[in-house]
Engineer: 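First the structure, then my questions, so here it is.
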Amino acid sequence: MKQVYFYDNATKKFAGYDVIEDTAEIPENATTVDPVDSNGIGLYDPTWNESTNSWDSLTEEEWKQKHATPEVKPVPTQEEQAAAQQMLLMADLQNKVDTLTDTVDEMTKSNQQINATLAQIILQNATNAEENGGK
């Protein structure tokens, strides 16, 4: 049994491999030459070179550039933009409500303190009036 490596007739690009009988004829678009470099490492997009009877390869950098996936930045629809604007407005309104709630709480505490002080003053005035004989 021997392993054969197929290439596309038109582009000479590696197209796969198979195992055939030792006595079988090697197909026209195949070779027994492994698509590896001198160190036995697989090639990047190997292409059969009929004039040298060997496989040509891209460099790793060329292969990465060829197979790079462009970054796709999604563009929001008008509805999504409007929803985002609405969320920002809602967040701003919630912040204002929180600020107003804090202000009301502080004013309520201040008002309670003023009422307590006023009650003490009224009580003191009533006590003073009794001591002075209602004058």
Engineer: Minimum heavy-atom separation for Glu21 and Lys2, please, with both atom names.
Structural biologist: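 For Glu21 versus Lys2, the nearest heavy atoms are O-CE, 3.7 Å.
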Engineer: Would you say the side-chain atoms of Asp22 pair up with the backbone N or O of Met1, donor to acceptor, closer than 3.5 Å?
Structural biologist: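 The answer is yes, because a donor-acceptor pair under 3.5 Å joins these two groups.
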Engineer: First locate atom CD of Gln65, then atom OG1 of Thr59, and finally report the distance between them rounded to the nearest 0.5 Å.
Structural biologist: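 So the gap between those two atoms works out to 7.5 Å.
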Engineer: Which pair of heavy atoms, one from Ala30 and one from Val4, lies closest together, and at what distance?
Structural biologist: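 So the minimum-distance heavy-atom pair works out to CB-CB, 4.3 Å.
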Engineer: With clusters built from Ile, Leu, Val, Met, Phe, Trp and Tyr whose side-chain heavy atoms come within less than 4.5 Å, directly or transitively, what are the remaining members of the cluster of Tyr17, listed by chain and number?
Structural biologist: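 Its cluster partners, ordered by chain and number, are Tyr5, Tyr7, Phe14, Val33, Leu43, Trp48, Trp55.
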Engineer: Test side chain to side chain contact (heavy atoms under 4.5 Å, CB included) on Gln81 and Thr77 and set out the steps.
Structural biologist: CA-CA 6 Å; Gln81 290 176 2; Thr77 64; over 6 Å; no
Engineer: So, does Ser110 use its side chain to make a donor-acceptor pair with the main chain of Glu106 at under 3.5 Å?
Structural biologist: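 No, Ser110 side chain to Glu106 backbone: no donor-acceptor pair under 3.5 Å.
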Engineer: Salt bridge between Lys96 and Asp92, side-chain N to carboxylate O under 4.0 Å?
Structural biologist: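 Here Lys96 pairs with Asp92 in a salt bridge, since their nearest N and O are under 4.0 Å apart.
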Engineer: If you draw a 6.0 Å radius around CE in Met90, do more than 12 non-hydrogen atoms from other residues or ligands fall strictly inside?
Structural biologist: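 Not buried by this count: 12 neighbours or fewer within 6.0 Å.
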Engineer: Give, for atom CG of Asn132 and atom OG1 of Thr127, the distance between the pair rounded to the nearest 0.5 Å.
Structural biologist: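 One finds 11.0 Å between CG of Asn132 and OG1 of Thr127.
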Engineer: Closer than 4.0 angstrom, basic N to acidic O: yes or no for Lys66 and Glu62?
Structural biologist: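 Glu62 and Lys66: not salt-bridged.
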Engineer: To the nearest 0.5 Å, tell me how far Thr47 OG1 sits from Asp56 CG.
Structural biologist: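 One gets 6.5 Å once the value is rounded to the nearest 0.5 Å.
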Engineer: Going through the checks in order, is the side chain to side chain donor-acceptor pair (under 3.5 Å) test met by Asp8 and Thr11?
Structural biologist: CA-CA 6 Å; Asp8 179 90; Thr11 65; 3.2 Å; yes
Engineer: In Å and rounded to the nearest 0.5 Å, what is the NZ to CD distance from Lys109 to Gln112?
Structural biologist: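 Answer rounded to 0.5 Å: 9.0 Å.
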Engineer: Is it true that Asn111 and Thr108 share a donor-acceptor pair across their side chains at a distance under 3.5 Å?
Structural biologist: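 Per modelled atom types, Thr108 and Asn111 side chains form no pair under 3.5 Å.
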Engineer: Drop me the distance from Thr99's OG1 to Asn95's CG, to the nearest 0.5 angstrom.
Structural biologist: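 These two atoms lie 4.5 Å from each other.
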Engineer: Examine Ile26 and Phe6 and state if one hydrophobic cluster contains both, with Ile, Leu, Val, Met, Phe, Trp and Tyr joined whenever side-chain heavy atoms are less than 4.5 Å apart.
Structural biologist: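 Same cluster: Ile26 reaches Phe6 through Ile, Leu, Val, Met, Phe, Trp or Tyr contacts under 4.5 Å.
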Engineer: Other members of the hydrophobic cluster containing Leu88, with the 4.5 Å side-chain heavy-atom rule, please.
Structural biologist: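 Traced through the cluster, Leu88 reaches no other member.
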Engineer: Would you compute the distance between atom OG1 of Thr52 and atom CG of Asn49 and round it to the nearest 0.5 angstrom?
Structural biologist: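 Answer rounded to 0.5 Å: 3.0 Å.
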Engineer: Any donor and acceptor pair, going by atom type alone, linking the side chain of Asp34 with main-chain N or O of Val36 inside 3.5 Å?
Structural biologist: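 Pair absent, no side-chain N/O of Asp34 close to backbone of Val36.
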